[in-house]
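Input: a single structure, listed below in structure tokens.
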Amino acid sequence: MAMSAPDTLTLIRPDDWHVHLRDGVALATTVPHTAAQFARAIVMPNLKPPVTTAAQAAAYRERIRAAIPPGVAFEPLMTLYLTDDLPPEEIARARAAGVVAVKLYPAGATTNSAAGVTDIRKTYRTLEAMQREGLLLLVHGEVTDAEIDIFDREAVFIERVLEPLRRDFPALRIVMEHITTQEAAQYVASSAHHLAATITAHHLLYNRNALFTGGLRPHHYCLPVLKREVHRRALLAAATSGDPRFFLGTDSAPHPASLKEHAVGCAGCYTAPAALELYAEAFEAAGALERLEAFASLHGPDFYGLPRNQARITLRREAWEVPQAYAYGDAQLKPLRGGETLRWRVQPPTGASV
Ligand SMILES: NC(=O)N[C@@H](CC(=O)O)C(=O)O
Ligand SMILES: [Zn+2]
Ligand SMILES: [Zn+2]
């Protein structure tokens with residue numbers, strides 16, 4: 001990594017291996033933010049209705065491309081949404097259309113997961129096709145059983161779902177998305193092959209106290225929910241370890257402010273406008289800024305079997321205030337840290353209002 005001065009950090013342009021861009025008018029806000037920082041992004045398929053066919057993924061990719069600002073290089077990498085009856089035949093079509101992965105949402109686990117998988121065994125023929133065709137499986141790794149405490153759902157998922165799944169599909173490449181616990185970090189770090197994990201900036205920066213500091217903080221609510229400090233530290237250690245199984249996935253997940261600040265508030269933190277700055281803050285606090293490039297720009301493409309990017313991006317130590325809100329169609333979208341000052345800034349600045 002070129003670190004010409006401690007106040008400047010230049011790295012290969014990163015990719016975001018887990019992002020929600022939504023659809024329709026939302027794309028005018030989300031796509032410029034993500035494309036300003038990231039060369040590529042794995043685009044989540046949990047639209048309403050979900051993206052379940054190769055043709056839908058290709059059409060969605062065109063809508064995203066139409067929202068990329070002129071002169072900006074950005075490639076959306078598309079995913080399909082796994083359901084109990086996603087036909088195995090769709091996998092070859094998906095691969096031919098450039099789809100790189102399929103996303104497993106246990107039914108009821110998170111936003112727009114109602115159409116998700118009710119029993120993993122129902123998807124086995126499709127998983128076989130994925131293993132054969134080389135598509136990755138991305139997982140939201142939480143069980144949904146009402147009797148399992150929300151803070152334990154990730155660890156129980158590993159034991160009950162992921163471990164048997166990996167035994168049954170030893171050649172399937174799996175990414176445990178947005179891991180939040182020490183158990184998940186240890187499980188991934190101790191797995192010999194075909195398993196990796198993404199980590200969000202907010203799970204590196206906050207523990208569950210952030211949900212209740214001075215009152216209920218809906219903009220810190222996401223799924224999997226923030227955990228204890230011991231878990232945050234384990235995630236930070238994993239992200240900064242240099243272990244190629246861990247890489248960047250923001251899980252930037254926009255919702256209108258009115259639905260976040262609501263009696264039944266939506267889960268998701270909007271971090272895209274300052275994503276790299278937030279990661280830089282977390283890595284710097286761990287004394288590991290020199291490890292940011294591998295986590296943000298190298299490990300992801302290596303695991304996905306895609307080329308590393310050529311272009312570079314520079315962060316400068318510069319105080320700037322994150323806008324309180326962005327226009328989001330007719331609604332308002334409040335980013336994480338809105339109205340607060342960050343100490344790193346991507347050059348040229350990207351977090352401005354759209
Ligand atoms: N992370 C979240 O809290 N929300 C995501 C869904 C998800 O990634 O689980 C969303 O789509 O809003
Ligand atoms: Zn998720
Ligand atoms: Zn997500």
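We count ligands from 1, going down the list as the structure has it; atoms in each ligand are counted the same way. For the single chain, residues carry numbers from 1 onward in sequence order.
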Applying ring pair (Phe, Tyr, Trp, His ring centres under 6.0 Å) to Tyr270 and Tyr328, what does each step give before you reach the verdict? CA-CA 12 Å; Tyr270 189 59; Tyr328 190 58; 7.3 Å; no
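- Here Glu128 contributes atom CD and Gln131 contributes atom CD; the two are 7.5 Å apart, rounded to the nearest 0.5 Å.
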With a 3.5 Å cut-off and sequence neighbours excluded, list the donor-acceptor pairs that the side chains of residues 20-28 form with protein atoms.
| unit_1 | atom_1 | unit_2 | atom_2 | d |
| --- | --- | --- | --- | --- |
| His20 | ND1 | Asn46 | OD1 | 2.9 |
| His20 | NE2 | His18 | NE2 | 3.3 |
| His20 | NE2 | Asp251 | OD1 | 2.9 |
| Arg22 | NE | Pro254 | O | 2.9 |
| Arg22 | NH2 | Pro254 | O | 2.9 |
| Arg22 | NH2 | His255 | NE2 | 3.2 |
| Asp23 | OD1 | Arg63 | NE | 2.9 |
| Asp23 | OD2 | Arg63 | NE | 3.4 |
| Asp23 | OD2 | Arg63 | NH2 | 2.8 |

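- If you look at the Zn ion (ligand 2), the protein N, O or S atoms less than 2.8 Å from it are His140 ND1, His178 NE2.
- Side chains of Arg217 and Tyr206: a donor-acceptor N/O pair is absent below 3.5 angstrom, by distance only.
- For ligand 1, the 4.0 Å heavy-atom shell contains residues His18, His20, Arg22, Asn46, Thr110, Thr111, His140, His178, Cys222, Leu223, Asp251, Ala253, His255, Ala267, Gly268.
- In this structure, Trp17 has its ring center under 6.0 Å from that of Tyr304.
- In this structure a side-chain-to-backbone donor-acceptor pair under 3.5 Å is missing from His231 to Thr180.
- Shown are Leu138, Leu82, Val139, Thr126; of these, the side chain to side chain contact (heavy atoms under 4.5 Å, CB included) with Val102 is made only by Leu82.
- Nearest heavy-atom pair across Ser113 and Ala109 is OG-N, 3.0 Å.
- Within the structure, every pair that satisfies the ring pair (Phe, Tyr, Trp, His ring centres under 6.0 Å) test and touches residues 122-161, not counting sequence neighbours, is listed here: Tyr124-Phe169, His140-His178.
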